[in-house]
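A note on names: the letters A, B, ... follow the listed sequences, proteins ahead of strands, and every chain is numbered from 1.
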4 protein chains.
Amino acid sequence: MLANDRTADKRLRIIQAAIAVFSRKGFHKARVEEIAEEAEVGKGTVYEYFASKKELFLEMIFYAHQKYREFLEQELSKAKTFYDGLQRLFEVTMQFMQRHKEMALVLMADHPMIDEEIHKALRQKEQEQLRFMTGILQDVTRRGEIRPVNLQAAIMVIFGTLYLINGQIVFCDKTQEPDFKQLSQDAIDILMHGLAVK
Amino acid sequence: MLANDRTADKRLRIIQAAIAVFSRKGFHKARVEEIAEEAEVGKGTVYEYFASKKELFLEMIFYAHQKYREFLEQELSKAKTFYDGLQRLFEVTMQFMQRHKEMALVLMADHPMIDEEIHKALRQKEQEQLRFMTGILQDVTRRGEIRPVNLQAAIMVIFGTLYLINGQIVFCDKTQEPDFKQLSQDAIDILMHGLAVK
Amino acid sequence: MLANDRTADKRLRIIQAAIAVFSRKGFHKARVEEIAEEAEVGKGTVYEYFASKKELFLEMIFYAHQKYREFLEQELSKAKTFYDGLQRLFEVTMQFMQRHKEMALVLMADHPMIDEEIHKALRQKEQEQLRFMTGILQDVTRRGEIRPVNLQAAIMVIFGTLYLINGQIVFCDKTQEPDFKQLSQDAIDILMHGLAVK
Amino acid sequence: MLANDRTADKRLRIIQAAIAVFSRKGFHKARVEEIAEEAEVGKGTVYEYFASKKELFLEMIFYAHQKYREFLEQELSKAKTFYDGLQRLFEVTMQFMQRHKEMALVLMADHPMIDEEIHKALRQKEQEQLRFMTGILQDVTRRGEIRPVNLQAAIMVIFGTLYLINGQIVFCDKTQEPDFKQLSQDAIDILMHGLAVK
DNA sequence: TATGAATGAGGGTTCATTCAT
DNA sequence: AATGAATGAACCCTCATTCAT
């Protein structure tokens with residue numbers, strides 16, 4: 001069984017090693033060899049599963065996105081009201097970021113300065129996400145849970161807030177971490193006020 | 001004075017070349033030689049003014065930050081009310097981003113994945129900015145222009161929104177640019193609702 | 001016997017695949033895996049039959065040499081006169097080169113720049129060939145079919161000519177192929193004049 | 001002056017080092033670093049002068065070709081008769097090969113198995129050479145120095161012979177070198193008999 | 001016997017930095 | 001002060017070979 005364990009999903013082991021190393025060093029400073037070591041496989045083995053460093057990076061991002069999406073959608077599906085959904089969105093996202101800071105770093109790694117080509121691939125994933133969220137907002141507006149507003153503007157406000165809070169979680173010095181639970185609740189409060197019907 | 005002028009001029013030319021090249025290629029793919037060419041100086045000259053590529057990058061960021069700050073503070077000082085100030089903040093920022101997309105890219109380049117050391121240096125600048133903004137929010141709260149809320153939460157909401165809209169401006173396909181003026185106004189509206197006294 | 005047949009068959013299939021791939025890609029750029037695929041066997045199987053890529057290359061060359069020698073000697077044995085033999089030598093060689101351009105490329109692959117070790121091994125085969133041909137020339141000289149000349153010089157002239165014509169066949173652009181039949185006949189003519197008794 | 005010497009024509013030093021190393025190791029096994037060492041320059045310096053290993057190889061070949069051509073044409077221009085010219089051709093070529101065995105190896109390095117792309121580039125140089133020689137043969141035929149024969153066939157005979165003799169010079173074991181002077185004279189004799197008017 | 005997943009040595013190339021002029 | 005030729009450390013990727021099944 002041990003052999004099995006070792007063989008089993010070497011691909012996954014490499015992706016997880018990639019998450020660790022890329023989030024530690026960044027795309028350009030991470031060495032493929034280091035990822036291989038972290039995954040406890042040979043350097044050549046990485047190339048059995050991924051055509052290049054860049055492809056590994058992208059597949060790693062897709063993997064992290066998917067994990068987050070799975071986590072998120074499961075939680076959102078339980079939401080009864082918009083307020084409930086908003087809370088779950090923030091809570092589940094922050095939880096994910098806190099539990100998987102490495103993945104979080106990777107999920108937030110979307111700047112042309114990292115790599116133009118990678119950036120473009122990520123923009124697509126993001127567009128998907130935005131369309132999904134716009135759909136939800138349309139529903140809740142129709143149901144009268146929030147007042148009719150420019151949905152794109154609403155998305156900017158909600159996800160901008162979420163993004164910045166996550167940035168705090170991920171980037172903040174351990175020493176001066178604020179109370180994120182409270183912070184997010186207060187931010188949600190402002191958002192709800194902003195979007196409330198009356 | 002002439003020598004001094006020339007020196008100052010050369011330094012500035014290098015910084016501006018750095019803005020152009022770094023925003024085009026990203027930190028790691030930009031080559032010092034290319035920056036030197038863009039600045040029309042010799043490669044060695046760059047090292048007369050900046051100790052390393054990384055230091056040049058940081059000084060370039062500081063320069064862009066400063067330009068933005070100057071632009072911003074001048075505008076904010078004219079604001080009479082919080083709403084006015086919020087509008088000026090969004091307008092001036094978006095204008096800056098649109099006019100100087102290169103600088104904008106550079107200002108948003110703050111992710112450990114680009115370079116851990118650079119990231120740390122930038123966190124400081126950001127903290128400054130946040131303290132400045134917290135001060136303003138304290139004032140307007142005291143003056144009763146907005147209801148008393150967790151100021152850090154307010155900052156997350158405001159600057160998250162601003163950040164995401166700017167991201168749209170800077171990263172969006174030219175072909176499908178939304179109406180940013182409208183988008184920002186609608187977002188401000190939501191924010192004002194969220195923060196309004198009643 | 002069946003197992004034996006299969007074994008012999010597999011070995012031969014690998015050699016023929018090697019001829020195809022090595023002549024297509026050259027020694028260094030050919031990959032063992034590609035040869036295995038062409039032979040429709042596993043990569044490891046190649047190593048069951050040949051100790052290394054280099055040994056496979058050599059055995060492939062020996063195989064091609066042998067095929068050519070068989071082809072040639074059968075034909076030369078029918079020759080009644082030196083002129084007849086010379087014509088058969090040229091004809092049969094050119095036919096072989098045209099029919100088996102791949103093998104031809106491989107037979108002409110004898111340059112230290114390809115691989116010093118391989119080169120040395122091939123020099124031996126060549127020496128054999130030269131001794132064989134010298135023997136024939138001695139006979140025809142003794143029989144008075146050609147005038148007495150430095151036999152080594154005669155070999156240089158004959159085989160140099162043959163070599164260059166074959167080079168034309170093998171390397172020439174398909175688009176501007178000369179009439180090789182005529183070319184070789186005219187070259188033989190010059191050679192015969194050069195070696196004729198009177 | 002020493003500094004000057006060291007700086008002067010670093011490019012040439014690299015080409016000469018390339019001749020030494022490529023002829024010793026062959027194209028694929030030669031390491032750029034070794035060439036750099038032989039030229040007493042840094043590895044990076046090679047890339048200041050040549051875009052790639054392959055380009056260096058080609059420029060090296062062109063250099064050797066040119067040196068040989070210069071050497072040859074100077075000598076051929078002095079020839080009064082075809083026989084004289086033929087002797088000079090053989091003599092000068094063999095001398096060149098003996099004096100510059102390394103360059104000789106490099107000049108004879110023209111097989112698709114070394115590198116398809118390099119091979120193609122070299123075919124061109126060869127075509128040039130052949131056209132030049134065909135021109136000379138036309139002249140001597142017109143002048144009645146040799147009987148009218150298929151010129152291409154004549155070229156095959158002459159250059160095939162020359163090629164094989166050079167091969168002997170370059171590739172032969174030092175221990176059993178024949179008398180090349182005699183060998184070439186005897187071969188020329190056969191050629192002249194073959195091409196003579198009567 | 002046959003296989004192909006795993007390996008890691010090896011090398012071409014890039015580019016930040018230095019330093020002699 | 002200004003330059004750019006020279007440098008070599010660093011790193012991605014290839015592929016011959018091995019070996020457990």
Side-chain angles (χ1 to χ4, degrees), chain A residues 3-4 6-7 10-11 14 28-37 39-56, chain B residues 3-4 6-7 10-11 14 27-37 39-57, chain C residues 3 6-7 10 28-37 39-57, chain D residues 3-4 6-7 10-11 14 28-37 39-56:
Chain A
N4 221 351
R6 204 152 261 267
T7 304
K10 209 158 275 204
R11 188 188 156 85
I14 293 169
H28 285 99
K29 296 227 262 179
R31 287 176 308 111
V32 172
E33 189 159 15
E34 198 181 344
I35 294 171
E37 276 162 22
E40 289 175 278
V41 300
K43 195 191 345 180
T45 307
V46 173
Y47 287 90
E48 292 285 323
Y49 292 89
F50 304 93
S52 67
K53 185 187 183 184
K54 206 178 264 186
E55 203 200 281
L56 170 57
Chain B
N4 227 344
R6 239 191 227 143
T7 284
K10 213 163 258 194
R11 191 188 153 83
I14 293 170
F27 177 71
H28 285 100
K29 296 230 242 161
R31 289 175 309 108
V32 172
E33 186 159 16
E34 198 181 345
I35 293 169
E37 277 163 21
E40 292 175 278
V41 301
K43 197 187 344 178
T45 308
V46 172
Y47 286 86
E48 290 291 323
Y49 292 89
F50 304 92
S52 68
K53 184 187 184 184
K54 205 176 265 184
E55 197 195 291
L56 170 56
F57 186 83
Chain C
R6 243 193 225 141
T7 284
K10 214 164 257 196
H28 285 98
K29 297 230 239 155
R31 289 176 306 109
V32 172
E33 186 158 17
E34 199 180 346
I35 294 170
E37 276 163 21
E40 291 174 280
V41 300
K43 198 188 344 178
T45 307
V46 172
Y47 286 87
E48 291 290 324
Y49 292 90
F50 304 93
S52 69
K53 184 187 184 184
K54 205 177 267 186
E55 198 195 291
L56 170 57
F57 186 82
Chain D
N4 220 351
R6 205 152 260 267
T7 304
K10 210 159 272 205
R11 189 189 156 85
I14 293 170
H28 285 99
K29 296 228 261 176
R31 288 176 308 111
V32 172
E33 190 160 16
E34 197 181 346
I35 293 170
E37 276 162 21
E40 290 175 279
V41 300
K43 196 186 349 176
T45 307
V46 174
Y47 286 88
E48 291 286 322
Y49 293 89
F50 304 92
S52 67
K53 184 187 185 185
K54 205 178 264 187
E55 203 201 282
L56 170 56

Base versus backbone protein contacts along nucleotides 14-20 of chain E [heavy-atom cut-off under 4.0 Å; B, S, -]: BSSBB--
Interatomic distance where [atom1] belongs to [X] and [atom2] belongs to [N] [whole Å]:
X       : N      : atom1 : atom2 : answer
B:Glu40 : F:dG4  : CD    : P     : 12 Å
C:Tyr49 : E:dT1  : OH    : C1'   : 7 Å
C:Phe57 : F:dC15 : CZ    : P     : 17 Å
D:Ile14 : F:dT7  : CD1   : C1'   : 12 Å
D:Arg11 : F:dA5  : CZ    : P     : 14 Å
C:Glu34 : E:dG4  : CD    : C1'   : 17 Å
C:Glu37 : F:dC15 : CD    : P     : 12 Å

Side chain of B:Lys53, backbone of B:Ala30: donor and acceptor closer than 3.5 Å? yes
Atom pair CZ/NZ of B:Arg31 and B:Lys43 - distance to nearest 0.5 Å: 8.5 Å
Would you give the length of the straight line joining atom CZ of A:Arg11 to atom CG of A:Leu56, rounded to the nearest 0.5 angstrom? 9.0 Å
Between D:Lys10 and F:dA5, does any side-chain N or O lie under 4.0 Å from OP1 or OP2? no
Check [X] against [Y] and note the closest heavy-atom contact, atom names and distance.
X       : Y       : result
D:Phe50 : D:Glu55 : CA-OE2, 4.1 Å
A:Lys10 : A:Tyr49 : CB-OH, 3.7 Å
B:Ala39 : B:Ile14 : CB-CA, 3.9 Å

Nearest nucleotide by nearest heavy atom, which residue falls closer to the 5' end of DNA chain E, A:Val46 or C:Val46? C:Val46
Stem finding on DNA chain E, please: runs of three or more consecutive Watson-Crick or G-U wobble pairs, both distances under 3.5 Å, sorted by first number. E:2-21 with F:2-21
